[in-house]
Asker: 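First the structure, which I've put down as structure tokens, then a few questions once you've had a look.
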Amino acid sequence: MRKILAFLVVLVGAIAASPARAQLLPAQFGSWTKGSCVAKPVPLTLATEAGLSAFESCAYASANNKIQIAEQKLHDPSAAYQVYTAGLHPGMTPSLVGTNAAVANDSLWMLSGSLVLRVDSQKLVSEEDLRALLKSLEGHADKTPLPDVRGYLPSVGLIQGTQRYSVGPEGYTAAAKALDRGAYAELAEELSLGPKSAGDGEVMLAAYNNGKGGREVLLLVHYPTPQLAEQQLHHLQPVLASKAEFAGTTVERDASLLSLVLSPSTPEMAARLRKAIKYDTAVTWNEPATTLTDPPWLLVLKTIFFAAFGFCVLAGAIGVLFGVFRLLMKRLFPGKIFDRTRSVELLQLGLNSKPVNPDDFY
């Protein structure tokens with residue numbers, strides 16, 4: 001009996017000491033009031049790889065209308081962008097609620113910093129209320145910039161909804177299969193993706209219309225340094241050449257970026273896609289520096305003239321002062337400081353029999 005009581009005391013103490021679960025979604029936004037909620041991780045390997053830190057799904061009601069909102073909080077905006085792009089598909093229409101928001105089958109899928117939200121029955125919610133929802137979540141969202149590699153994709157011919165971003169092998173594998181390039185999923189380990197790998201790479205994929213009824217798939221792999229990109233380039237080239245299913249696929253490097261067109265219809269189409277990549281390299285000098293410019297020659301001559309004039313005035317003033325001092329000393333102390341004939345010693349070479357008399361010089 002005592003053991004049972006002791007166990008209950010420890011259990012109650014542990015429950016009391018445990019921190020309360022963080023509430024991600026607001027209690028109210030606009031005219032909508034929060035109802036019952038479910039807080040459990042999303043059963044997706046992709047979200048786990050991206051660093052899912054919290055999940056909450058809640059029902060909201062306004063009058064007789066009901067909606068469901070699910071929110072995922074990821075490690076950072078890059079991880080959230082991976083989850084967000086994994087939920088896109090062709091046919092989705094952009095939403096005016098935010099920059100990264102799309103609608104499909106009455107469901108709104110949107111990204112806000114490190115948060116990914118899904119709003120079911122979104123037609124029942126006004127844009128004003130949805131913006132109020134996003135504003136209420138600003139305190140939970142990490143607003144650091146999204147990955148730069150997403151801006152490198154060419155815009156001409158892009159099939160909206162096929163963009164896929166990943167920082168790990170699981171995300172890349174899912175992206176390759178979603179874009180009908182499942183054979184390239186085995187490159188997941190070869191690309192050295194994610195912070196735990198040697199390369200710390202990130203990938204961006206998208207599909208493009210080739211104008212012949214088919215589509216091309218462009219894969220961009222970005223590494224932190226050109227040296228790592230060069231190392232991965234030499235690693236991938238023999239891998240692509242060793243298997244028949246990779247025929248026609250080549251890899252090229254531009255600074256820290258590797259580009260591959262997966263199974264292109266023609267080499268010309270692959271070259272056209274690569275040429276349209278919006279990636280420019282820039283060298284940044286982080287050390288402090290100054291800009292030196294030659295002054296105008298008139299300014300140089302002016303400076304020289306004034307400097308020479310100044311030296312002349314200074315020399316004349318010193319000469320006058322010394323002359324006044326010499327005359328004053330001769331008057332006050334005649335023959336003691338200056339013109340001391342008896343104190344003058346002359347060195348004689350003895351070339352002449354007549355000695356030199358110092359008084360002859362005064």
Asker: Determine, step by step, whether Glu252 and Arg274 satisfy the side chain to side chain contact (heavy atoms under 4.5 Å, CB included) criterion, reporting the C-alpha distance in whole Å, the side-chain angles of both residues, the deciding distance to 0.1 Å, and the verdict.
Answerer: CA-CA 9 Å; Glu252 295 184 7; Arg274 281 197 173 100; 3.4 Å; yes
Asker: Can a side-chain donor-acceptor contact be found between Ser192 and Gln232 if the only test is distance below 3.5 angstrom?
Answerer: yes
Asker: Please list all pairs meeting disulfide bond (SG atoms under 2.5 Å apart) that have one or both residues in residues 158-252, counting only residues at least two apart or in different chains.
Answerer: none
Asker: Taking everything shown except Gln28 itself, do over 12 heavy atoms lie less than 6.0 Å from its CD?
Answerer: yes
Asker: Would you indicate whether Glu186, at its atom CD, is surrounded by more than 12 heavy atoms from other residues, nucleotides or ligands within a distance under 6.0 Å?
Answerer: yes
Asker: Just do the side chain to side chain contact (heavy atoms under 4.5 Å, CB included) check on Val203 and His222 with the steps written out, would you?
Answerer: CA-CA 6 Å; Val203 298; His222 189 257; over 6 Å; no
Asker: Are the side chains of Leu205 and Leu179 in touch, meaning some heavy atoms are under 4.5 Å apart?
Answerer: yes
Asker: If you round to the nearest 0.5 Å, how far is OG of Ser256 from CZ of Arg253?
Answerer: 7.5 Å
Asker: For the pair Asp142 and Thr144, evaluate side-chain hydrogen bond (donor to acceptor under 3.5 Å, both in side chains) and give the outcome as yes or no after the intermediate values.
Answerer: CA-CA 6 Å; Asp142 182 354; Thr144 53; 3.3 Å; yes
Asker: Is it true that the side chains of His235 and Gln231 contain a donor and an acceptor less than 3.5 Å apart?
Answerer: no
Asker: In terms of the angle between their ring planes, are Phe322 and Phe325 parallel, tilted or perpendicular, with boundaries placed at 30° and 60°?
Answerer: tilted
Asker: Sequence neighbours excluded, which residues qualify as side chain to side chain donor-acceptor pair (under 3.5 Å) partners of Thr303?
Answerer: none
Asker: Output yes when Arg215 and Asp180 qualify as a salt bridge under the 4.0 Å nitrogen-oxygen rule, no when they do not.
Answerer: yes
Asker: Quiz question: by atom type and distance under 3.5 Å, do the side chains of Tyr208 and Thr162 form a donor-acceptor pair?
Answerer: no
Asker: Would you call Arg118-Asp120 a salt bridge at under 4.0 Å N-O?
Answerer: yes
Asker: Please determine, by modelled atom types, if Tyr152 and Ser259 share a side-chain donor-acceptor pair under 3.5 angstrom.
Answerer: no
Asker: Once you round to the nearest 0.5 Å, how far does OG1 of Thr85 lie from CG of Leu146?
Answerer: 10.5 Å
Asker: Taking atom NE2 as the centre, does His75 end up with more than 12 heavy-atom neighbours from other residues, nucleotides or ligands that are less than 6.0 angstrom away?
Answerer: no
Asker: Return the orientation label for the Tyr81 and Tyr165 ring planes: parallel under 30°, perpendicular over 60°, tilted otherwise.
Answerer: tilted
Asker: Using the rule side chain to side chain contact (heavy atoms under 4.5 Å, CB included), only one of Leu111, Leu74, Leu52 pairs with Val83; which is it?
Answerer: Leu74
Asker: Between Glu56 and Gln72, do the side chains contain a donor N or O and an acceptor N or O under 3.5 Å apart?
Answerer: no
Asker: Would you call Arg272 and Glu268 a salt bridge, using N to O less than 4.0 angstrom?
Answerer: no
Asker: Between Lys143 and Ser114, do the side chains contain an N or O donor and an N or O acceptor separated by less than 3.5 Å?
Answerer: no
Asker: Under a 3.5 Å threshold, yes or no: a donor from one side chain and an acceptor from the other, between Ser57 and Gln68?
Answerer: yes
Asker: Does Glu245 come within less than 4.0 Å of Arg181, counting only side-chain N to carboxylate O?
Answerer: no
Asker: Checking Leu191 against Tyr223 for the side chain to side chain contact (heavy atoms under 4.5 Å, CB included) test, could you report, in this order, the C-alpha distance in whole Å, the side-chain angles of both residues, the deciding distance, and whether it holds?
Answerer: CA-CA 10 Å; Leu191 295 174; Tyr223 295 96; 4.2 Å; yes
Asker: Quick one: name the residues clustered hydrophobically with Tyr60, using the 4.5 Å side-chain heavy-atom rule over I, L, V, M, F, W, Y, and just say none if it's on its own.
Answerer: Leu25, Phe29, Trp32, Ile67, Ile69, Val97, Val103, Leu108, Met110, Leu115, Leu117, Val119, Leu124, Val125, Leu130, Leu133, Leu134, Leu137
Asker: Run Glu49 and Ser166 through side chain to side chain contact (heavy atoms under 4.5 Å, CB included) and show every step you take.
Answerer: CA-CA 10 Å; Glu49 179 188 68; Ser166 179; 4.2 Å; yes
